[in-house]
Amino acid sequence: MVEDNYTFPSEFILLGFTNREDLQVTCFVLFLAIYVVTLIGNLGVIILIRIDSCLHTPMYFFLSHLSLLDVCYSSTIIPQTLLNFLVEKKVISFVRCATQLFSFATCATTECYMLAAMAYDRYMAICNPLLYSVVMSQRFCVGMLAGAYLAGVISSIIHTVSIFHFPFCRSKRINHFFCDGLPLLALSCSDTHVNEAIVSAVVGFNMLSTMVFILVSYSSVLSTVLRMRSVAGCHKAFSTCAPHLVSIALYYGSSLFMYLRPGSRHSLERDKVVSVLYSIALPMLNPLIYSLRNTDMKNAMRKAKGRVLSSLSI
């Protein structure tokens, strides 16, 4: 049955991650645990970088903002999802839905450019070490950061307007656990092919341009590392690049699968599972990826732990 024909509804109904009543509590506990770990891990990374002077370098400057993005990512999606696990009527207002999509798209796009900035930082550190401190000045890093956020905001405005200027006449039920673009376009009663093309073009440009930039940067890094005569130098280069490459592979792999497939291959049920990986699981994993084998982060954690223990013993 068609609901509210050719209107802009005041609210939507999120169908959620699962409609099985016996899994609601289990999913709530799981998502809550993920959210808590995400907040503790990412806020911990931000605080460590802030208080330890040894981490006041461009690489950790960008890493702190990547952690901030991951906090925003999770806080945009998980609180509403947790609420929906507990209530019978999973309602979200039109304005809140648009805000959620805008915030999500901003974080997602900004993260693409942040990962590219981090790749350029590794390129300069390994391929041009003598020029590193000159090129990667504080002013230049802040400029790259501002550009990443600006690209995220502009892209998300186009993304959100392209979707929400349509009337929704088919239903108010969004087959997802948050307000994402593809499930919303499925509710429109107008021809959405042009808008789908616009959204795909914006997403494709952001992802492919940053991915090409990252590949070029790491191709140069690999070429330089293979010419190194020092085994210790090679090991250090690989150890600093490996966490970033793992994060890139997980983020771009899931995002490309999600957004750049032909429309005929989209399955909203399968998309929910993929969405969990890049929007919920990856923000939780990033602090572990960047900290577990990072000597600087481990030393900073030891020093922070020592300060806490010494202050408690006074």
Side-chain angles (χ1 to χ4, degrees), residues 38 41-42 44-46 48-49 52 54-74 107-129 131-133 135-136 140-142 144-145 147-149 151-152 206-226 228 232-257 277-279 281-301:
T38 299
N42 285 288
V45 168
I46 293 170
L48 274 179
I49 293 172
D52 196 307
C54 294
L55 302 180
H56 292 175
T57 64
M59 181 174 81
Y60 293 107
F61 171 75
F62 290 123
L63 179 57
S64 66
H65 282 275
L66 182 67
S67 293
L68 178 62
L69 281 173
D70 285 339
V71 170
C72 295
Y73 232 141
S74 299
C107 291
T109 306
T110 304
E111 187 152 336
C112 287
Y113 288 94
M114 197 72 68
L115 291 171
M118 293 172 75
Y120 183 72
D121 171 75
R122 291 300 83 206
Y123 161 76
M124 288 301 304
I126 295 171
C127 300
N128 298 286
L131 296 175
Y132 181 75
S133 59
V135 174
M136 299 301 292
F140 183 72
C141 291
V142 170
M144 291 180 72
L145 180 70
Y149 281 110
N206 290 325
M207 294 194 67
L208 295 178
S209 61
T210 53
M211 191 165 62
V212 168
F213 185 86
I214 290 168
L215 289 173
V216 170
S217 297
Y218 273 111
S219 296
S220 299
V221 168
L222 180 62
S223 175
T224 301
V225 170
L226 292 176
M228 287 181 178
C234 290
H235 182 267
K236 184 178 179 180
F238 277 119
S239 65
T240 58
C241 294
H244 189 220
L245 288 170
V246 171
S247 180
I248 288 169
L250 290 172
Y251 184 79
Y252 279 90
S254 56
S255 299
L256 287 170
F257 177 83
L277 175 60
Y278 74 85
S279 65
L282 189 56
M284 177 188 69
L285 294 174
N286 270 340
L288 299 175
I289 292 171
Y290 285 100
S291 302
L292 283 180
R293 300 191 65 183
N294 187 307
T295 304
D296 293 334
M297 291 294 290
K298 287 180 179 178
N299 291 336
M301 283 187 274

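Counting from 1, the numbers follow the sequence of the chain as shown.
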Residue list, side-chain contact (heavy atoms from CB on, under 4.5 Å) with [X], at least two apart or on another chain:
X    : result
S74  : Y35, T38, I78, P283
L222 : L226, F238
V212 : V216
S291 : V45, M297, M301

(Q) I need the L145 CG to F140 CZ distance, nearest 0.5 Å. (A)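 Answer for the CG-CZ pair, L145 versus F140, is 12.0 Å.
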
Q. Roughly how far, to the nearest 0.5 Å, is CD of E111 from CG of L68?
A.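 Answer for the CG-CD pair, L68 versus E111, is 11.0 Å.
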
For [X], all residues meeting side chain to side chain donor-acceptor pair (under 3.5 Å), sequence neighbours excluded:
X    : result
D70  : N286
T210 : Y252
S133 : none

Q: Under the ring-ring contact (aromatic ring centres under 6.0 Å, His included) rule, collect the residues that match up with F62, sequence neighbours excluded.
A: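 Per chain and number, F62 pairs via ring-ring contact (aromatic ring centres under 6.0 Å, His included) with no residue.
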
Q | Partner residues of Y251 under the ring-ring contact (aromatic ring centres under 6.0 Å, His included) criterion, sequence neighbours left out | A |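 Not a single residue meets the ring-ring contact (aromatic ring centres under 6.0 Å, His included) criterion with Y251.
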
Q) Listed by chain and number, what are the salt bridge (charged side-chain N to carboxylate O under 4.0 Å, His left out) partners of D52, not counting sequence neighbours? A)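 Here the qualifying residues are K303.
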
With a 4.5 Å heavy-atom cut-off, do [X] and [Y] have their side chains touching?
X    : Y    : answer
L55  : L63  : no
I289 : H244 : no
C241 : V221 : yes

Pair up each side-chain donor or acceptor in residues 115-127 with any protein partner under 3.5 Å, not counting sequence neighbours, and list the distances.
from : atom 1 : to   : atom 2 : distance (Å)
D121 : OD1    : Y132 : OH     : 2.5
Y123 : OH     : N128 : ND2    : 3.4

Q.
Looking at every heavy atom in both G152 and T110, which two are closest together, and how far apart are they?
A.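 Heavy atoms only, the tightest pair is CA-OG1, 3.5 Å.
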
Q.
When you measure from the side chain of S254 to the backbone of L250, do you find a donor-acceptor pair of N or O atoms at a distance under 3.5 Å?
A.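 At least one qualifying donor-acceptor pair exists.
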
Q: Kindly state each residue pair satisfying side-chain hydrogen bond (donor to acceptor under 3.5 Å, both in side chains) with at least one member in residues 54-63, sequence neighbours excluded.
A: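 For residues 54-63, and leaving out neighbouring residues, the side-chain hydrogen bond (donor to acceptor under 3.5 Å, both in side chains) pairs sorted by first residue read Y60-N294, Y60-D296.
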
